[in-house]
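The next block holds one structure in the form of structure tokens; read it before the comments.
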Number of protein chains: 2
Amino acid sequence: MTREESGRAGGAPDNDRMMEPPGKGKPTLRTIAGLTGLAVTTVSRALAGDVQIALETRMRVSQVAREIGYMPDRAAQRLRTGRTNVISLILDPHEEILGYATSMINGVTEALRDTPYHLVITPHFSDRPQIEPVAHILRNRTADGVIFTRTEPLDARVKMLLESDFPFICHGRTELATPHPYVDYDNYAFAYQAARRLTASGCRKLAIILPPTAFTFAHHMRHGFMTAIREEGLAYEIPQEVTLDSKSDAIRDCFFALFAHPDRPDGVVCGGEVIAMAVMAAAYDHGLKLGQDVHIVTKQTSGLFDQVRPRIPTIYEDLAEAGRLMGELLLKRIAEKKPVTELQYLQTVTGF
Amino acid sequence: MTREESGRAGGAPDNDRMMEPPGKGKPTLRTIAGLTGLAVTTVSRALAGDVQIALETRMRVSQVAREIGYMPDRAAQRLRTGRTNVISLILDPHEEILGYATSMINGVTEALRDTPYHLVITPHFSDRPQIEPVAHILRNRTADGVIFTRTEPLDARVKMLLESDFPFICHGRTELATPHPYVDYDNYAFAYQAARRLTASGCRKLAIILPPTAFTFAHHMRHGFMTAIREEGLAYEIPQEVTLDSKSDAIRDCFFALFAHPDRPDGVVCGGEVIAMAVMAAAYDHGLKLGQDVHIVTKQTSGLFDQVRPRIPTIYEDLAEAGRLMGELLLKRIAEKKPVTELQYLQTVTGF
DNA sequence: GACTCGGTTTGTATCGTTATAAATTCAACA
DNA sequence: TGTTGAATTTATAACGATACAAACCGAGTC
């Protein structure tokens, strides 16, 4: 008690700079130190909730801090502690899937809400090696955690991050022996169920557009699709010249050609809305009737297909939720060393 | 010359820490200082290209820096100089327009390529005042420049940023007296030309879905639309209960109701692809034939409508270019105090 | 030989924060 | 009365970079 007051009265001697408030600038620890008559160190520790600091002091300090609207300087914290309070989301500007990035960003953003973390978008330009942004972040420690997508079976980024024991989470799984955090959508189930719906509609020959084979989820999709095919003993066709990444014009042209054949597929599994629109366009341009001559099931990641006519059956993938999950799991990974199994999540296919 | 070598030989005395390389960590200025036998200050200034430093020294230093892969520590630079090397893009997670955010992010990202700037996504949660993220950035100087969208005629964010003389650029114009940097799309021209195309197709009564009136571009659109209406002396209808921000279901329902009337509109101007899909769905659900009973012109911001059948006339808005322009102009604004007129850009409507 | 002067390099302090070690206070105890 | 120790608080140094003022060097001048 007396210390306080003596501190207030005689507090000037050492940190006499308090007299000159740090310009018109933001309040710093020193501002609070001046106001309370405490040392900067004490203020810092008080705000950090150190139990070595008297409870009363802690309360008084945080009270003052709140009053003057103190916010710690991120740069200073980062320089001192090495923690950046940054989550880096690596994005490929070429993602064609409708609003893929936006939904995911929104999800991650939501998870980061009310945390000190900022979201930095790190581009991966397609003319550069995929590992580059990860290597850069790792080398310069410009983030506390990394999120990336389009995971490959033997993903070099995963390997590198695992080796460095650096917090990360990816959208999609690998086939690596070492388990690692991920959020994935069950594309096996998607393709399987999509195919089953088509067979249930009486289709005799199915087609599917797969992602580039480099990506793990291409195999999942193929597997799900083929399982349904085998169960039914159906004919099928997997066009090799297009992928989910192809321009929609290319996909339309491809299916326009396919639909010209007498043994054309009468059911198509579409991995995305734009793909579905392209296939529909191809059918339309042939005068084929949707739901009669040709059936389609598509993955839906936005509200768009609620407005598409005729109505097309869809299977929903919640990308915003995926983003939110990735954010949450990554934060968990950063905060504490959890067993990896708690950092893995597989989004199931909703409904049939 | 001699200095160099003496420096190399006897360079140890003061900065003897060079012997213990800073852990396994990244190289810093001190690493280079150790290697070259120069003082940290000299290295810093050499890398900064200070002409006070001998050309030979500058070259030698940057050579060494390159060899050991030196990258300046952002946190340290930021703490010392106050420059963050961050551009903040304020995003509203509720933007419904298809891929709006993604395209813009890609554009900004492209502009920031090969600069030291990072892109930070700052969310604006719709349950919070619009000014909040801007005020926060301003107060804590967490960025060197701000980008935001959905500008209002008397936009509080613009006012605040102008007052603080803080670099920013917005997507959309204001009606403020003080000129400020912006990139905008000519929505007047869009609406005008869209309407004219519809009248050219023989429409007798036009409808348009406008953005929420709070936004400046709502007025631009209305004005363009109404100009065309007046020139042709046509009937028109502007549904009040929906806006471009409405859920697409609401828009479809609204137009389903409109299309039920005998004096229904036979031409609709759609400000976005999802809107257009909703209107098309409403028409379809009434059995109205597109291109005959009802005509539509839509703004196109992605490749989606290339696949929509029947083909719908579209007017293109390049959001990625808008993002790129915003990035470039903002960087220009940060680098040098240019006249504002060079920091304004209006994207014209391409073709008729 | 002392002196000045460009051209060049260096030392010192600082940004705001925090880890570490040291200091202070005061009550309890011998 | 002096000692011990728990409870608090404080001083110091560092993170890596840069602004500023001062120092250094050799050459040219008087």
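Per chain, numbering begins at 1; letters A, B, ... match sequence-line order.
For the pair A:D114 and B:R128, the salt-bridge criterion is not met [side-chain N within less than 4.0 Å of a carboxylate O]. Salt bridge present: A:R324 and A:E328 bring a charged side-chain N and a carboxylate O closer than 4.0 Å.
The distance from atom CD1 of B:I32 to atom P of C:dT9 is 15 Å, rounded to the nearest whole Å. Straight-line distance from the CD atom of A:E56 to the C1' atom of D:dT9: 14 Å, rounded to whole Å. Regarding B:L29, its CG atom lies at a distance of 15 Å from the C1' atom of C:dC15, rounded to whole Å. Atom pair B:L38:CG and D:dA23:P shows a separation of 20 Å (rounding to whole Å applied). A:Q52 places its CD atom 15 Å from the C1' atom of C:dT18, with the value rounded to the nearest Å. In this structure, B:I53 places its CD1 atom 18 Å from P of D:dA23, rounding to the nearest Å. Distance A:D50 CG to D:dT9 P: 10 Å, rounded to the nearest Å.
At least one side-chain nitrogen or oxygen of B:T42 sits closer than 4.0 Å to the OP1 or OP2 atom of C:dT10.
DNA chain C is contacted by B:L79, B:R80 of residues 73-88 of chain B, taking any non-hydrogen atom closer than 4.0 Å.
Rounding to the nearest 0.5 Å gives a distance of 7.0 Å between CG of B:L119 and CD1 of B:I147.
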- request: For the pair A:D73 and A:K26, evaluate salt bridge (Lys or Arg N to Asp or Glu O under 4.0 Å) and give the outcome as yes or no after the intermediate values.
  value: CA-CA 9 Å; A:D73 183 301; A:K26 334 173 322 241; 3.2 Å; yes
message: Does B:V64 form a side-chain contact (heavy atoms from CB on, under 4.5 Å) with B:T31? I'd like the steps, not just the answer.
response: CA-CA 10 Å; B:V64 173; B:T31 318; over 6 Å; no
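Contact of A:R45 with D:dT10 (side chain to base): a donor-acceptor pair of N or O atoms is detected under 3.5 Å. Put simply, the side chain of B:S44 and the base of D:dA17 share no donor and acceptor less than 3.5 Å apart.
Checked by atom type, the side-chain pair B:T122/B:S88 shows a donor-acceptor distance below 3.5 Å.
At least one side-chain heavy atom of A:N85 sits under 4.5 Å from a side-chain heavy atom of A:R74. When side chains are defined from C-beta on, B:H118 does not count as touching B:L112, because their heavy atoms never get closer than 4.5 Å.
Applying the side chain to side chain donor-acceptor pair (under 3.5 Å) test to B:R80 and every residue at least two apart in sequence or in another chain returns nothing.
For the helix from C:dG1-D:dC30 to C:dA30-D:dT1, the angle separating the two terminal helix axes comes to 90°, with each axis derived from five pairs and the value rounded to 10°.
For A:T57, taking side-chain heavy atoms from C-beta onward, the closest of the listed nucleotides D:dT10, D:dA19, D:dT9 is D:dT9. For A:V40, the side-chain atoms get nearest to C:dT18 when compared with the rest of D:dT9, C:dT18, D:dA17.
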